[in-house]
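Sequential numbering from 1 along the given sequence is applied to the chain's residues.
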Amino acid sequence: MTMGIDDRWGRLMAALGFGPNLGTLVHLLEAYAEPHRYYHNWSHIESCLEHLDAVSHLAERPAEIEIALWFHDAVYKPLSRVNEERCATMAGVWLASNNAPQDVRLRVESMITRTRHDSAPATTDEALMLDIDLAILGSDAADYDAYSAAVRSEYRLLPERYYNKQRAQVLSRFVNRPLIYWTPRFQESRETRARENLAREISELNSSAGPAADPH
């Protein structure tokens with residue numbers, strides 16, 4: 001990003017009409033620095049924010065997408081199936097403590113929960129949120145392979161054959177969708193490469209196949 005973390009956070013707090021909330025910033029950065037995180041760390045959030053900067057003009061409420069991105073992986077346990085719900089709850093409680101209107105809280109919570117990627121977005125901002133979160137799928141082959149290896153490291157306690165089988169099943173759900181990305185911007189720039197990357201990884205996983213790995 002072109003600006004420092006503190007400056008970016010301060011600008012976001014001003015856009016939301018909140019005070020500095022520097023304690024929350026420290027808490028989030030500490031969460032994303034947890035040692036078990038190889039992909040779901042600050043680098044992922046920073047990349048998401050860079051993607052948001054490129055498409056913020058398409059958003060209805062870009063500040064809400066941004067705060068959702070800051071919180072969306074704040075709670076991350078590789079084998080948990082409720083990470084997104086816990087992140088959404090954390091964000092909702094924090095927003096309430098800053099006297100955010102209920103509709104803001106509900107929209108942010110919904111965006112975070114949708115990052116389970118098991119349902120279609122209901123709004124333009126949710127579509128952008130999901131596409132930003134999955135932008136890595138449409139990256140170049142080297143970046144995709146680094147991402148894939150990082151996710152495997154987060155699940156390093158699972159046996160290889162079991163992990164490979166479950167990961168292939170999760171990735172196949174994206175391949176089997178009519179479109180991986182929800183917005184024309186990401187469809188045009190990343191859909192083809194995402195399908196190539198996913199097909200390649202699935203083939204490699206199935207060649208040695210043996211709770212499901214988080215795809216994003």
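In this structure, the side chains of Arg177 and Trp182 come closer than 4.5 Å at one or more pairs of heavy atoms. The shortest distance between side-chain heavy atoms of Val151 and Tyr163 falls below 4.5 Å. Annotation: side chain of Ile67 is in contact with side chain of Met13 (closest heavy-atom distance under 4.5 Å). For the pair Ser172 and Ile202, the minimum side-chain heavy-atom distance is below 4.5 Å. The shortest side-chain heavy-atom distance between Thr24 and Trp70 does not fall under the 4.5 Å cut-off. In this structure the side chain of Leu130 reaches within 4.5 angstrom of the side chain of His117, judged on heavy atoms.
Note that Arg190 lies outside the cation-pi zone of Tyr181, set by a 6.0 Å cut-off to the ring centre and a 45° limit from the axis.
Side chain of Asp73 to main chain of His40: no donor-acceptor pair is present (N/O by atom type, distance under 3.5 Å, no hydrogens or angles).
When the shell of 6.0 Å around NE2 of His36 is examined, it contains more than 12 heavy atoms from other residues, nucleotides or ligands.
The side-chain hydrogen bond (donor to acceptor under 3.5 Å, both in side chains) test applied to Asp103 returns Arg107, not counting sequence neighbours. Applying the side-chain hydrogen bond (donor to acceptor under 3.5 Å, both in side chains) rule to Tyr32 yields no partners; only residues at least two apart in sequence or on another chain are considered. Applying the side chain to side chain contact (heavy atoms under 4.5 Å, CB included) criterion to Ala59, with sequence neighbours excluded, gives Pro62, Ile65, Asp125, Leu128.
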Derivation of the side-chain hydrogen bond (donor to acceptor under 3.5 Å, both in side chains) call for Thr115 and Asp133:
CA-CA 7 Å; Thr115 61; Asp133 191 34; 4.8 Å; no
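Salt-bridge annotation for Glu84 and Arg114: absent, with no side-chain N of the basic residue lying under 4.0 Å from a carboxylate O of the acidic one. Salt bridge Glu191/Arg195: present, at least one basic N to carboxylate O contact under 4.0 Å. Of the charged side-chain nitrogens involved, at least one lies within less than 4.0 Å of a carboxylate oxygen, so that Arg8 and Asp53 count as a salt-bridged pair. Ion pairing of Asp145 with Arg200 is present here, as a side-chain N (NZ or NE/NH1/NH2) and a carboxylate O approach within less than 4.0 Å.
The closest side-chain donor-acceptor pair between Glu154 and Tyr76 falls under 3.5 angstrom. Side-chain contact check for Glu126 and Ser110: at least one donor-acceptor pair (N or O, by modelled atom type) lies under 3.5 Å. Side-chain contact of Arg193 with Ser139: a donor-acceptor pair under 3.5 Å is absent, judged by distance alone. One side chain, Asn21 or Asn98, offers a donor N or O that lies under 3.5 Å from an acceptor on the other. Counted by atom type alone, His72 and His44 present one or more donor-acceptor pairs between their side chains at under 3.5 Å. Side-chain atoms of Glu196 and Tyr144 form no donor-acceptor pair, as typed in the model, at a separation below 3.5 Å.
Ring-plane geometry between Trp94 and Phe18 is classed as perpendicular, the angle between the planes exceeding 60 degrees on a 0 to 90 degree scale with a lower cut at 30.
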